[in-house]
Number of protein chains: 2
Amino acid sequence: MTTPAARAATLEDVARVAGVSRATASRVLAQTGSASPATRDRVAAAADRLGYLPNPAARALVRGSGVRLAVAVTGSTEAVLDDPYVDRVVAAAARVGAPHGLGVTLHWLPRRAPQTLRRLVDDRGVCGVVLVNTTGSVLDAVPRRLRGRVASIGIGSPAVPAFDVDNSAGAEAVLRHLHATGRRRIAMVTGHRWLVCAGRSVHTYRQVTRAAGLPVRLVAGDFTAARGREAAVEVLDRWPDTDAIFATSDATALGVIAGLRDRGVRVPGDVAVAGFDDIPLAALSTPALTTASHPVTRIATAAATAVLDRRPAPAVTFFPSALVPRDSA
Amino acid sequence: MTTPAARAATLEDVARVAGVSRATASRVLAQTGSASPATRDRVAAAADRLGYLPNPAARALVRGSGVRLAVAVTGSTEAVLDDPYVDRVVAAAARVGAPHGLGVTLHWLPRRAPQTLRRLVDDRGVCGVVLVNTTGSVLDAVPRRLRGRVASIGIGSPAVPAFDVDNSAGAEAVLRHLHATGRRRIAMVTGHRWLVCAGRSVHTYRQVTRAAGLPVRLVAGDFTAARGREAAVEVLDRWPDTDAIFATSDATALGVIAGLRDRGVRVPGDVAVAGFDDIPLAALSTPALTTASHPVTRIATAAATAVLDRRPAPAVTFFPSALVPRDSA
DNA sequence: TTGAAAGCGCTAACAT
DNA sequence: ATGTTAGCGCTTTCAA
């Protein structure tokens with residue numbers, strides 16, 4: 001007849017059962033300091049038998065280390081948090097944090113008030129911050145104190161390592177594909193103007209079109225499908241002879257296809273359409289969407305891991321983007 | 001010239017500035033116990049001036065309360081965590097937890113080993129659990145100790161309040177729509193067999209078709225698009241005269257449309273297709289997908305809130321699902 | 001209404 | 001290699 005443990009085992013219990021001091025048990029269990037093999041075994045056995053799990057709160061308190069990871073997304077309105085992209089980042093971080101007992105919270109950083117970041121940093125519960133949709137002013141608002149405990153998905157700074165998809169290479173692959181398949185009047189629907197990382201695609205677009213002697217046709221987008229639908233119409237109105245539209249997000253590209261369809265334009269017959277991200281449904285649209293891959297989960301995992309490990313990360317880590325040719329272009 | 005706070009303000013600091021004891025400051029700031037209005041003001045002012053933010057670790061330690069919310073998803077493989085649906089649940093929980101300083105971690109609960117839940121519950125860092133894709137055996141594995149700190153998205157039990165979309169009503173709305181538009185040989189692609197909540201749609205399907213004197217045509221699905229594509233072919237092979245396919249997830253429905261297209265079957269001309277969930281891209285497919293809404297974020301928010309508040313929640317809370325008629329059916 | 005004091009579970013000097 | 005000790009910042013009896 002086993003007594004149901006009314007109380008979870010503490011380090012004290014483990015130490016007593018193992019016949020050592022609390023300090024020794026701590027050293028063994030936290031992998032810090034040294035201990036003789038025999039002691040090590042006894043402590044491990046005791047911990048195992050008691051089902052000992054360290055109390056993260058106690059540990060964080062004494063270490064002064066915080067108990068959660070904050071994911072902070074910059075945007076004009078709180079609606080930026082509704083993006084499936086953000087969901088993926090949060091879920092990836094929540095998976096990385098789990099084995100460490102570190103939870104994730106999600107926050108909106110108003111674009112006009114980057115100092116909101118301060119509140120997050122001043123919170124002793126926060127042990128690290130993953131910045132999303134980072135802008136220059138947000139980067140400027142990162143206090144020194146946060147160094148080594150912050151990473152950015154997007155652009156970085158000397159104090160903030162960056163993790164991002166290789167926008168330029170991805171965009172270039174798409175544009176070359178468009179060109180190789182005979183398109184010569186290629187319009188682009190961009191991402192948010194204020195996002196530097198989104199600007200990289202635009203820069204590449206300008207370079208490639210200029211080098212090939214093609215016209216530059218830019219329309220502002222915001223990564224949403226709704227905007228893509230409108231943008232398609234704008235493109236058609238401004239440049240009726242456009243034969244390809246490259247949107248910097250799949251959602252926007254699908255919106256573009258919908259907008260084109262509204263106008264009775266055939267895809268890819270009349271106009272080719274390409275996206276960026278390779279979301280799961282890109283393969284299922286009609287026509288199936290040609291796009292470039294965007295390993296969001298890998299990127300977010302790397303960013304979260306960098307924050308957790310506090311290991312000096314490279315200033316910038318780019319993840320490759322590969323062309324995924326399908327039917328729409 | 002302000003001295004940069006080398007150290008974040010503690011309750012002790014607030015108490016000193018306010019000229020009261022730490023205990024009093026605690027009472028005022030934690031909204032517990034009583035204090036004179038004057039004292040209350042002084043403490044609040046001091047906290048404000050110092051930018052005091054309570055240390056969640058210290059609070060959790062003394063209260064024995066845990067510092068994070070665990071989202072546990074049941075599934076045969078860890079791949080269940082890759083679902084965008086899970087991402088949304090996690091992000092919603094991470095938003096709910098943020099103001100409370102409670103982070104979220106994401107865990108896989110192997111379907112064959114529901115006792116894995118124990119590890120989560122024994123972890124003193126976990127203050128609550130949100131179950132996703134809950135099965136009967138997982139529910140059985142919920143220890144008494146967790147009562148009031150657990151909620152389920154899916155089915156529930158006397159000890160675990162459930163939060164879910166009203167699958168039955170949603171499915172019925174879709175099926176009635178199909179019937180009203182002249183479809184008489186309606187096949188259904190189901191969700192996982194082992195998921196009771198997914199079974200509700202099947203039950204409704206059986207009832208509705210039986211009542212209308214229609215044939216029952218069931219094919220097993222798993223919520224993925226890939227499976228939908230295969231399932232479409234199976235339906236066509238087994239029952240060539242099928243005139244409608246109802247899939248219990250939009251991803252599957254889009255897969256069905258792709259599979260149908262592979263076979264040269266027109267949608268909705270030859271076969272109508274309907275989904276369930278109303279994911280953002282349902283509106284953008286070709287043809288636009290007829291479906292029923294599934295307020296995942298609202299559901300997850302409610303579940304997470306119930307766990308946080310520890311308020312006695314109703315045994316079951318169903319969220320309405322509305323028909324979203326578009327072009328595919 | 002307020003203060004003094006104890007202690008939550010753990011780690012990290014500092015001794016030995 | 002191991003034990004002793006002093007807290008980390010907070011809440012909460014218990015008295016006053």
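Each chain gets a letter, A, B and so on, in the order the sequences are listed, and its residues count up from 1.
- We find that CG of Asn55(A) is positioned 14 Å from C1' of dG7(C), with the value rounded to whole Å.
- Of the side-chain N and O atoms in Ser26(B), one or more sit less than 4.0 angstrom from OP1 or OP2 of dT11(D).
- The side chain of Thr24(B) places no N or O atom within less than 4.0 Å of a non-bridging phosphate oxygen (OP1 or OP2) of dT2(C).
- Whole-Å rounding puts the Leu29(A) CG to dT2(D) C1' distance at 15 Å.
- For the side-chain hydrogen bond (donor to acceptor under 3.5 Å, both in side chains) test, residues two or more places apart in sequence or in another chain that qualify with Asp122(A) are Arg145(A).
- By the 30° and 60° cut-offs, the orientation of the rings of His192(B) relative to Phe223(B) is perpendicular.
- Summarising the geometry, the separation between CZ on Arg63(A) and P on dT11(C) is reported as 6 Å, rounded to the nearest angstrom.
- The phosphate of dT2(C) has OP1 or OP2 within less than 4.0 Å of a side-chain N or O from Ser36(B).
- Pairs passing the salt bridge (charged side-chain N to carboxylate O under 4.0 Å, His left out) check and including a residue from residues 32-51 of chain A, sequence neighbours excluded, do not occur.
- Nearest nucleotide to the side chain of Arg124(B), out of dG9(C), dT11(C), dG3(C): dG9(C).
- Within a heavy-atom distance below 4.0 Å of DNA chain D, no residue of residues 11-18 of chain A is found.
- We find that CZ of Arg42(B) is positioned 8 Å from P of dT2(C), with the value rounded to whole Å.
- Here Thr39(B) reaches the OP1 or OP2 of dT2(C): one of its side-chain N or O atoms lies under 4.0 Å away.
- Taking atom OH of residue Tyr52(B) and atom C1' of nucleotide dC10(D), one finds them 7 Å apart after rounding to whole Å.
- Atom-to-atom, CG of Leu61(B) to C1' of dT11(C) comes out at 12 Å; the value is rounded to the nearest Å.
- Remark: Arg88(B) does not engage Asp82(A) in a salt bridge, criterion side-chain N to carboxylate O under 4.0 Å.
- At dT2(C), none of the side-chain N or O atoms of Ser21(B) fall inside 4.0 Å of OP1 or OP2 (strictly under the cut-off).
- The residue among Gly19(B) and Ala9(A) whose nearest nucleotide of DNA chain C is located toward the 5' end is Gly19(B).
- When side chains are defined from C-beta on, Val43(B) counts as touching Val14(B), because their heavy atoms get closer than 4.5 Å.
- Within the nucleic acid shown, Thr10(B) comes within 4.0 Å of sugar-phosphate atoms alone, with no base atom in reach, counting heavy atoms only.
- Here the side chain of Arg59(B) is nearest to one of dT11(C), dT12(D), dC10(D), namely dC10(D).
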**Study point:** Step-by-step side-chain contact (heavy atoms from CB on, under 4.5 Å) determination, Leu29(B) to Tyr52(B)
**Key:** CA-CA 10 Å; Leu29(B) 263 12; Tyr52(B) 173 75; 3.8 Å; yes
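- Between Tyr85(A) and His294(A), the ring-plane angle classifies as tilted under the 30° and 60° cut-offs.
- Using a distance-only test at 3.5 Å, with no hydrogens or angles considered, no donor-acceptor pair links the side chain of Arg95(B) to the main chain of His107(A).
- Rotation axes derived from the C1' atoms of the five outermost pairs at either end of the helix from dT1(C)-dA16(D) to dT16(C)-dA1(D) lie 30° apart, to the nearest 10°.
- By the 4.5 Å heavy-atom criterion applied to side chains, Thr135(A) and Val196(A) are not counted as neighbours.
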Enumerate, atom names and distances included, each donor-acceptor pair closer than 3.5 Å involving a side-chain atom of residues 65-76 of chain A, sequence neighbours excluded.
residue  : atom : partner   : partner atom : Å
Arg68(A) : NE   : Thr105(A) : OG1          : 3.2
Arg68(A) : NH2  : Asp123(A) : OD2          : 3.3
Ser76(A) : OG   : Arg111(A) : NE           : 3.2

Polar atom pairs (N or O), protein with nucleotides 13-16 of chain C, under 3.5 Å:
none

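- Side-chain atoms of Thr39(B) do not come within 3.5 Å of backbone N or O of Ala35(B) as any donor-acceptor pair.
- As a whole-Å value, the separation of Leu53(B) CG from dG9(D) C1' is 13 Å.
- Using a 4.0 Å heavy-atom distance criterion, Arg22(B) is classed as a base contact.
- With a 4.5 Å cut-off on side-chain heavy atoms, Leu139(A) and Ile155(A) count as touching.
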